A.B. asks: 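Attaching a single structure in structure tokens format; questions to follow.
Chain letters run A, B, ... following the sequence lines, proteins first, then strands; residues in each count from 1. These figures come from a predicted structure and were not determined experimentally. Values below: all heavy atoms of this structure, side chains included; hydrogens, waters and symmetry mates excluded.
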Protein chains: 2
Amino acid sequence: MLDDLDKSILSHLQKDSKITIKELSVHLSLSGTAIYERIRKMERKGIIESYSVRINKNLVDLGFVVFCQIKLQEHKHEYLVKFEREVIKFSEVLECYNVSGDYDYLLKITVKDMNGYHQFLNDKLTYLDHIGSAHSTFIINEVKNTHAIEFR
Amino acid sequence: MLDDLDKSILSHLQKDSKITIKELSVHLSLSGTAIYERIRKMERKGIIESYSVRINKNLVDLGFVVFCQIKLQEHKHEYLVKFEREVIKFSEVLECYNVSGDYDYLLKITVKDMNGYHQFLNDKLTYLDHIGSAHSTFIINEVKNTHAIEFR
DNA sequence: ATTGAAAATCATCAGTA
DNA sequence: TACTGATGATTTTCAAT
């Protein structure tokens, strides 16, 4: 489905989407139009979902990241739906997954600091209905964090 | 540090970094140059880390996401360093955090399917030295996954 | 910090092999 | 699928405030 040229284009775009078609065409020894058409095709197919900027969380006071595991009191469909509908509204919650194992949900939360997390728990999360238990895992250090997919 | 205009620019850029300065200047009632300079400043300060594309993992056969918690046998500095140096090399590992709690590390791993994960464990992870135990949490459903920071 | 306009660069589209 | 050449749009720079 994707040949090596497509993969190479995607790798470059993931690293820096502001790279010009001209630069790509030099690197990959292909005409600008050919590169352009390949990108358009991947956009149309939905392989390229969006163009975005990455922001340094620390510099905007959101450098404290916590993974929070949550178990609901009961697994009634209605409770699950309601929990999901509410939790995605919290701006602190960047990711929320329905997971296997002891807990039902895994949340990735960004706040300013421990105090900000405390406030999030007290003012927001604990107000949700049907929460059984919550367990927080704090990030001490970020060893690796890439959004770029490597093709293999 | 960031005023409301900066935050608004960042919000737009996170949603779609291909938005033109002209469009931004219409939305925010500011001249093109003013927008341009504000963006440049945020780039220089490192607030805008990079421009990138988001790729649909499912469409490139990497839709199976697993969180894997890892405990080392011993907490010798040398072991930690070696583990980190090796684990970041695996293309399947998108994120690796040093965390609080029962486990030492939390890894976010993307593979094609369960079989791909099995192979990753057998061919790669279990070959690393000093691993005490590993616990996998499988993602059943993605309720929310945004890379965009909301300013508040 | 902002403006408006000029200059340089780029994305995009026909036409064609 | 890919290429060349044309054009309209966009980014970037600059003088002035």
A.B. asks: Between A:Lys108 and B:Glu95, does any NZ, NE, NH1 or NH2 come within less than 4.0 Å of an OD or OE carboxylate oxygen?
C.D. replies: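 Counted as a salt bridge, because a side-chain N and a carboxylate O are separated by less than 4.0 Å.
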A.B. asks: Under 4.0 Å, heavy atoms only, any strand: does B:Ala34 hit a base, just the sugar-phosphate, or nothing?
C.D. replies: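 Answer is base: heavy atoms of B:Ala34 come under 4.0 Å of a base.
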A.B. asks: If you compare all heavy atoms of A:Ser100 against all heavy atoms of B:Ile140, which two are closest, and at what distance to 0.1 Å?
C.D. replies: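 The answer is N-CD1, 3.7 Å.
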A.B. asks: Does a nitrogen or oxygen in the side chain of B:Tyr36 sit under 4.0 Å from OP1 or OP2 of D:dT11?
C.D. replies: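 No, outside the criterion.
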A.B. asks: Return the set of residues passing side-chain contact (heavy atoms from CB on, under 4.5 Å) with B:Thr146 (not counting sequence neighbours), or none when no residue passes.
C.D. replies: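 Once residues adjacent in sequence are excluded, the partners of B:Thr146 under the side-chain contact (heavy atoms from CB on, under 4.5 Å) criterion are A:Leu94, B:Lys144, B:Ala148.
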A.B. asks: What pairs meet the salt bridge (charged side-chain N to carboxylate O under 4.0 Å, His left out) rule with one or both residues in residues 67-87 of chain A, with sequence neighbours excluded?
C.D. replies: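 Output for this query lists A:Lys76-A:Glu78, A:Lys82-A:Asp129, A:Glu86-A:Lys89.
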A.B. asks: Can you tell me the distance, in whole Å, between the CD1 atom of A:Ile39 and the P atom of C:dC10?
C.D. replies: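 So the CD1-P distance, A:Ile39 to C:dC10, works out to 14 Å.
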A.B. asks: Reckon B:Arg40 has a side-chain N or O less than 4.0 Å from the OP1 or OP2 of D:dT11?
C.D. replies: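 No.
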A.B. asks: Rounded to whole angstrom units, what separation is found between the CZ atom of A:Arg38 and the C1' atom of D:dC3?
C.D. replies: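 Spelled out: CZ on A:Arg38 to C1' on D:dC3 is 14 Å.
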A.B. asks: Five pairs at each end of the helix from C:dA1-D:dT17 to C:dA17-D:dT1: take the axis at both ends and give me the angle between them to 10°.
C.D. replies: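 Answer rounded to 10°: the end axes differ by 30°.
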A.B. asks: For B:Glu150, which residues count as a side-chain hydrogen bond (donor to acceptor under 3.5 Å, both in side chains) partner, sequence neighbours excluded?
C.D. replies: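 B:Glu150 satisfies side-chain hydrogen bond (donor to acceptor under 3.5 Å, both in side chains) with no residue once adjacent residues are dropped.
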A.B. asks: Just the rounded figure in Å: distance from P of C:dT3 to CD1 of B:Ile35.
C.D. replies: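 Distance check: B:Ile35 CD1 to C:dT3 P gives 9 Å.
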A.B. asks: Taking the hydrophobic residues Ile, Leu, Val, Met, Phe, Trp and Tyr, and joining any pair whose side-chain heavy atoms are under 4.5 Å apart, which ones share a cluster with B:Ile139?
C.D. replies: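 Joined to B:Ile139, directly or through intermediates: A:Val65, A:Phe67, A:Tyr97, A:Val99, A:Leu106, A:Ile139, B:Val65, B:Phe67, B:Tyr97, B:Val99, B:Leu106.
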A.B. asks: Just wondering, more than 12 heavy atoms not from A:His130 lying within 6.0 Å of its NE2?
C.D. replies: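 Yes - once you tally the heavy atoms of other residues, nucleotides and ligands closer than 6.0 Å, there are more than 12.
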A.B. asks: Please give me the minimum heavy-atom distance between A:Gln14 and B:Ser52, naming the atom from each residue.
C.D. replies: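 Scanning both residues, the minimum pair turns out to be O-OG, 2.8 Å.
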A.B. asks: Taking DNA chain C as the partner, which of residues 1-32 of chain A come within under 4.0 angstrom of it by heavy atom?
C.D. replies: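 Heavy-atom contacts with DNA chain C come from A:Thr20, A:Ile21, A:Lys22.
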